Amino acid sequence: MTSRAATPAPTPTSTRQIPGFSTPGVGFEQPFAMLEACHERVQRTLTLLGRLRDHVRDHGADGPALQAARDVLRYFDIAAPLHHQDEELHVFPPLLAEGQADVVALVQRLLQDHHDIVSDWAAARQPLQALVDGRASMFSAGDLAVLDRFAQRYARHIDDEERIAYPAAQGILPEAALESMGREMSGRRQSPVPQRHGS
């Protein structure tokens, strides 16, 4: 997205499935691998958002910009809330119940992050939707500030989860809980979990 003539790079939501849950080689029978794959999709979509900002500054709301804005809107409207629900139902409760004090404090902040990310996204999606709807052709300084706030909070949030929360939860949850977690995550997306041989 550096010039009008350049072929746009593949976006993180190029499939027609629910975005963020089609990473090859990762299935719901490996729920924490799936959560990390979702984080990868978030990071790729945040990168796309950053490229979109630069592109709109240089070229305005042309075709590639509108498609990128649609992709970012679609991802954070649909897939990200499901990911937060996964964490709030399966990852955070055992940590709050059995984690060390510092982990409990972190989880409480991560839960607050989820609320703040919802608010940040409600603000950040407005200039993107305005671009898509043809009500704006550039981002204002205020628009850029809300986009930055959303991206920065999300990046820090992911880092805290992958460094501390996910390893701590994996150390607590038994195999049966992981299997149930994968089934429930899959069910929320209506994607069947492959049955293990002999089960």
Side-chain angles (χ1 to χ4, degrees), residues 1-23 34-89 91-92 109-162 185 188-191:
M1 185 178 281
T2 56
S3 69
R4 291 176 186 270
T7 301
T11 70
T13 55
S14 58
T15 67
R16 295 302 92 191
Q17 302 173 19
I18 292 178
F21 299 96
S22 58
T23 301
M34 180 60 75
L35 290 174
E36 291 179 356
C38 294
H39 279 175
E40 181 183 353
R41 294 283 185 164
V42 171
Q43 291 165 328
R44 289 172 59 190
T45 308
L46 291 175
T47 297
L48 177 61
L49 177 59
R51 291 169 53 212
L52 170 62
R53 287 181 34 151
D54 294 343
H55 185 87
V56 168
R57 179 195 63 214
D58 295 338
H59 305 291
D62 62 1
L66 296 180
Q67 184 57 53
R70 290 187 193 100
D71 287 346
V72 173
L73 284 164
R74 184 169 181 265
Y75 183 85
F76 287 116
D77 280 346
I78 298 173
L82 286 171
H83 176 73
H84 290 179
Q85 187 178 17
D86 294 336
E87 294 172 338
E88 291 172 8
L89 290 174
V91 180
F92 296 163
R109 181 165 66 75
L110 293 174
L111 284 166
Q112 183 60 49
D113 278 352
H114 281 187
H115 291 292
D116 293 339
I117 286 169
V118 169
S119 297
D120 289 347
W121 175 239
R125 77 179 313 285
Q126 291 182 26
L128 297 173
Q129 192 66 58
L131 207 72
V132 169
D133 293 344
R135 292 181 285 111
S137 60
M138 300 292 289
F139 293 133
S140 69
D143 295 337
L144 296 176
V146 297
L147 294 174
D148 282 345
R149 182 172 67 242
F150 173 71
Q152 290 166 7
R153 191 192 307 274
Y154 225 139
R156 187 206 68 209
H157 180 83
I158 288 173
D159 183 63
D160 287 339
E161 288 181 336
E162 293 196 350
M185 287 171 60
R188 282 190 287 276
R189 297 162 178 83
Q190 299 180 351
S191 173

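Bear in mind the structure is a predicted one, so any value in this text is a computation, not a measurement.
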Measure across P81 and D77 and return the closest heavy-atom pair with its distance rounded to 0.1 Å. CG-O, 3.6 Å

Is it true that R189 and D86 make a salt bridge, defined as a side-chain N closer than 4.0 Å to a carboxylate O? yes

Shortest non-hydrogen contact between F139 and R53, atoms and distance: CE1-CA, 4.1 Å

So do E161 and F92 actually touch side chain to side chain, heavy atoms under 4.5 Å? yes

Using 30° and 60° as the class boundaries, would you call the ring planes of W121 and F76 parallel, tilted or perpendicular? tilted

Drop me the distance from L46's CG to R44's CZ, to the nearest 0.5 angstrom. 12.0 Å

Is any side-chain heavy atom of R41 closer than 4.5 Å to a side-chain heavy atom of H83? no

If we ignore hydrogens and angles and just use 3.5 Å, is the side chain of D113 paired with the main-chain N or O of L110 as donor and acceptor? no

Between D54 and R57, does any side-chain N to carboxylate O distance fall below 4.0 Å? yes

Parallel, tilted or perpendicular for H55 and H59, by the 30°/60° rule? tilted

Quick one: closest heavy-atom pair of V146 and A123, and the distance? CG2-O, 4.0 Å

Residues A65 and G60: closest non-hydrogen pair is CB-O, 3.7 Å

Is the closest side-chain heavy-atom distance between L66 and L131 below 4.5 Å? yes

Looking at D148, D160, D116, D159, which hits salt bridge (Lys or Arg N to Asp or Glu O under 4.0 Å) with R153? D116

Just wondering, do L52 and L128 contact through their side chains at under 4.5 Å, heavy atoms? yes

Kindly compute the distance separating OH (Y154) from CZ (R149), expressed to the nearest 0.5 Å. 15.0 Å

Close side-chain approach of H157 and V42, heavy atoms under 4.5 Å: no

Specify the closest pair of heavy atoms between A136 and A61, including all atoms of both residues, with the distance to one decimal. O-CB, 4.2 Å

Would you kindly say whether H39 and Q43 are connected by a side-chain donor-acceptor distance under 3.5 Å? no

Here the pair of heavy atoms bringing L73 nearest to Q129 is CD1-OE1, 3.6 Å

